[in-house]
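Computed over heavy atoms, backbone and side chain alike; hydrogens, waters and symmetry mates excluded. Start at 1 with the first residue, then count along the sequence.
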Amino acid sequence: MDQELKNSPVENFDWDAYEKGEVLGEKSREELINTYDQSLNTVKDKEVTEGTVISMNKREVVVNIGYKSDGVISMNEFRYNPDLKVGDTVEVYIESQEDKKGQLVLSHKKARATRSWDRVNSALENDEIIKGFIKCRTKGGMIVDVFGIEAFLPGSQIDVKPIRDYDVFVGKTMEFKVVKINQEFKNVVVSHKALIEAELEQQKKDIIAKLEKGQVLEGTVKNITSYGVFIDLGGVDGLIHITDLSWGRVSHPEEVVSLDQKLNVVILDFDDEKKRIALGLKQLTPHPWDALSSELKVGDKIKGKVVVMADYGAFIEIAPGVEGLIHVSEMSWSQHLRSAQDFMKVGDEVEAVILTLDREERKMSLGIKQLKPDPWENIEAKYAVGSRHMAKVRNFTNFGVFVEIEEGVDGLIHISDLSWTKKIKHPSEFTQIGAEIEVQVLEIDKENRRLSLGHKQLEENPWDVFETVFTVDSVHEGTIIEMLDKGAVIALPYGVEGFATPKHLVKEDGTQAQLEEKLPFKVIEFNKDAKRIILSHSRIFEDEAKAEAKKESAAKKAAKKAAKAENETAAINSNVEKTTLGDIEELAALKEKLESEKK
């Protein structure tokens, strides 16, 4: 009965629809479509939505966003998140609901970039820890992919300790904190160091609380600078200043320690507030001065190496950590100023004499000139007054020339003792520094260790001869070699010079004599002691004019006198004639009278 019912035709069965392949009725089909449509998400292109990772391999990640098809995203877009797994919810950007193949096109990178700026700002505001992928190295740090944004990780923010090899971090995913955002230029700075500083800060407090001066700890060389070495004491850093590395001289800390080296150090001092710890390395070994031989005394000769040079002297290391100073004044018996560099240089091996030794103050002064005899001990015998020697010009002053006859024997040639004839304004006109010059000892000042020397004394004083040549009123040819405000310097024969004031330089035609002009000059003053000759060109024709005038005046006087004499003679003659005639008349009258009386 049942079989019959199963095989019996179904009423209202749509055989036409069956033949067309439509197994559902119109009503059922509409209901099924509605149910299917309601099960799919409504998506739009160019929007960000969330999806679920349903499968993944080394190259691709398949994401279901509840759409009719799944999207495939390259694994490269998830390399910042190495912990990605099936079932994770991820953000995706719908680039297209269907490509040419009908495939849903998604992008995780664009989804992150779309929302990344808001996320970065939120991470900064909320002090949030975020993950980032270190893409590559750049100048001064690294480039980090954070939410699709390229952020900058400074090298100093990678770790609390200095990083020497940045390349080992490339390709790593690490946690960071956003420390700075430039809204205008969309720049982001992140830090990994900030994550561990808080923890280290607490560690530092715990370590510093247990520190004591004089305590010896083991540490690791963390960084080396020109001024010292930073030591990692296990969460807190201390500094060994370069002067606390060794009892001896250290040019650079690298001479004593190397990076990552483990060594014992002693705590010299620390500051709870600033968390600064001063460490020492040399303090773990005895001071070299304590090991210095007790037999060493003043006057002993020692050998050492020049370790430091200064203008005022040289420091000699006679043992590591034991130094003595050779002052420049103890390098030579010479008194003139010189620099220590003139005698030695860093690295030289020298022998010296101990001059002072203070074991308590750990100071020692040395000398090298004491290895030679003092030349002033027998100065009178070797450089007697009147003796002649060759000397080297060392220095000039306005008043003379400092010379050195031998090391330690200096002398001064006064400017007035350079030449008998030339008037020298500055010694550089006569000689030059470094030149050899012959001198004669004039005076010895043993107390001040100085000789008075002369150069002109090597020749006889020509002024004894000049006194007979350049007599007053004598005339000589001269050439004007220098014009001054007060007159001119005239070169005369025999290498001597004279001087003429402007009024004595006026020529006969009224013009002034000029430089390099050759003229006759008359000596109007000769001073042998002052070595001064005063000349005049004008006086020559002035005296000639005076002589001519005097001659004319004398002639006039003679003529006048002659005329007067002639007149007097004539008068006398006149008187004689008059008297004679009178006498004749009187005689005639007398004669006539006598004759008359006779009659």
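- Judged as a side chain to side chain donor-acceptor pair (under 3.5 Å), and not counting sequence neighbours, the contacts of Q157 are S191.
- I354 approaches L357 most closely through the heavy-atom pair CG2-CB, 4.2 Å.
- Checked against side chain to side chain donor-acceptor pair (under 3.5 Å), T225 has no partners two or more places apart in sequence or in another chain.
- Nearest heavy-atom pair, A352 versus I368, reported as atom, atom and distance to 0.1 Å: CB-CG2, 3.9 Å.
- When all heavy atoms of P288 and G321 are compared, the closest pair comes out as CG-CA, 3.8 Å.
- Formation of a donor-acceptor pair under 3.5 Å by the N182 side chain with backbone atoms of E184 is found in this model.
- Annotation: D358, atom CG; neighbour count of heavy atoms from other residues, nucleotides and ligands within 6.0 Å is above 12.
- Side-chain contact of T220 with K262: a donor-acceptor pair under 3.5 Å is present, judged by distance alone.
- Side-chain atoms of Q261 come within 3.5 Å of backbone N or O of S258 as a donor-acceptor pair.
- Judged by distance alone, with hydrogens and angles left aside, the side-chain atoms of K369 form a donor-acceptor pair with the main-chain N or O of S329 at under 3.5 Å.
- By the 4.5 Å heavy-atom criterion applied to side chains, N264 and L217 are not counted as neighbours.
- Considering every non-hydrogen atom in both G478 and I490, the closest pair reads CA-CG2, 3.6 Å.
- A distance of 2.5 Å separates NE2 in H389 from OG in S387, rounded to the nearest 0.5 Å.
- A donor-acceptor pair under 3.5 Å is absent between the side-chain atoms of W247 and the main chain of V322, judged by distance alone.
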Between R449 and D374, does the salt bridge (charged side-chain N to carboxylate O under 4.0 Å, His left out) criterion hold? Intermediate values first, please.
CA-CA 11 Å; R449 303 172 73 92; D374 185 353; 2.7 Å; yes
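- In this structure, the side chain of Q183 does not engage the main chain of I181 through any donor-acceptor pair within 3.5 Å.
- The heavy-atom pair separating P253 from I224 by the smallest distance is CB-CG2, 3.8 Å.
- Nearest heavy-atom pair across L195 and F176 is CD1-N, 3.7 Å.
- Side-chain contact between M364 and T356 is absent, with no heavy atoms from C-beta onward closer than 4.5 Å.
- In this structure the side chain of E323 reaches within 4.5 angstrom of the side chain of V307, judged on heavy atoms.
- No side-chain heavy atom of D410 sits less than 4.5 Å from a side-chain heavy atom of V403.
- Both tests hold for R137 against Y166: distance to the six-membered ring centre under 6.0 Å, angle to the ring axis within 45°.
- A cation-pi arrangement is present between R249 and F315 under the rule of less than 6.0 angstrom and at most 45 degrees off the ring axis.
- You'll find the side chain of I413 stays beyond 4.5 Å of the side chain of V393, heavy atoms only.
- At distances below 3.5 Å, not a single donor-acceptor pair connects side-chain atoms of E150 with backbone N or O atoms of I143.
- Between H476 and F470, a ring centre-to-centre spacing shorter than 6.0 Å is recorded.
- With sequence neighbours left out, the ring pair (Phe, Tyr, Trp, His ring centres under 6.0 Å) criterion links W376 to no other residue.
- Annotation: the span from M483 atom CE to E517 atom CD amounts to 9.5 Å, rounded to 0.5 Å.
- Around CD of E447, the count of heavy atoms belonging to other residues, nucleotides or ligands within 6.0 Å does not exceed 12.
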Is there a salt bridge (charged side-chain N to carboxylate O under 4.0 Å, His left out) between K392 and E436 once you walk through the steps?
CA-CA 5 Å; K392 189 174 184 179; E436 294 286 335; 5.7 Å; no
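- Within the 3.5 Å criterion, the main-chain N or O of T243 finds a donor-acceptor partner in the side chain of K282.
- Not a single donor-acceptor pair under 3.5 Å links the side chain of D348 to the backbone N or O of V350.
- More than 12 heavy atoms of other residues, nucleotides or ligands lie within 6.0 Å of NZ in K531, so this atom counts as buried by the packing criterion.
- Other residues, nucleotides and ligands place more than 12 heavy atoms under 6.0 Å from the CD atom of E349.
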What do the steps show when you test Q341 against S339 for side chain to side chain donor-acceptor pair (under 3.5 Å), and what is the final call?
CA-CA 5 Å; Q341 283 86 349; S339 173; 2.4 Å; yes
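- In this structure, H192 has its ring center at least 6.0 angstrom away from the ring center of F169.
- Judged purely by atom type and a 3.5 angstrom limit, D445 uses its side chain to pair as donor or acceptor with the backbone of N448.
- Residues I437 and F430 form a side-chain contact, since some pair of their non-hydrogen atoms from C-beta on lies under 4.5 Å apart.
- No donor-acceptor distance shorter than 3.5 angstrom exists from the side chain of H414 to the backbone of G454, with no hydrogens or angles considered.
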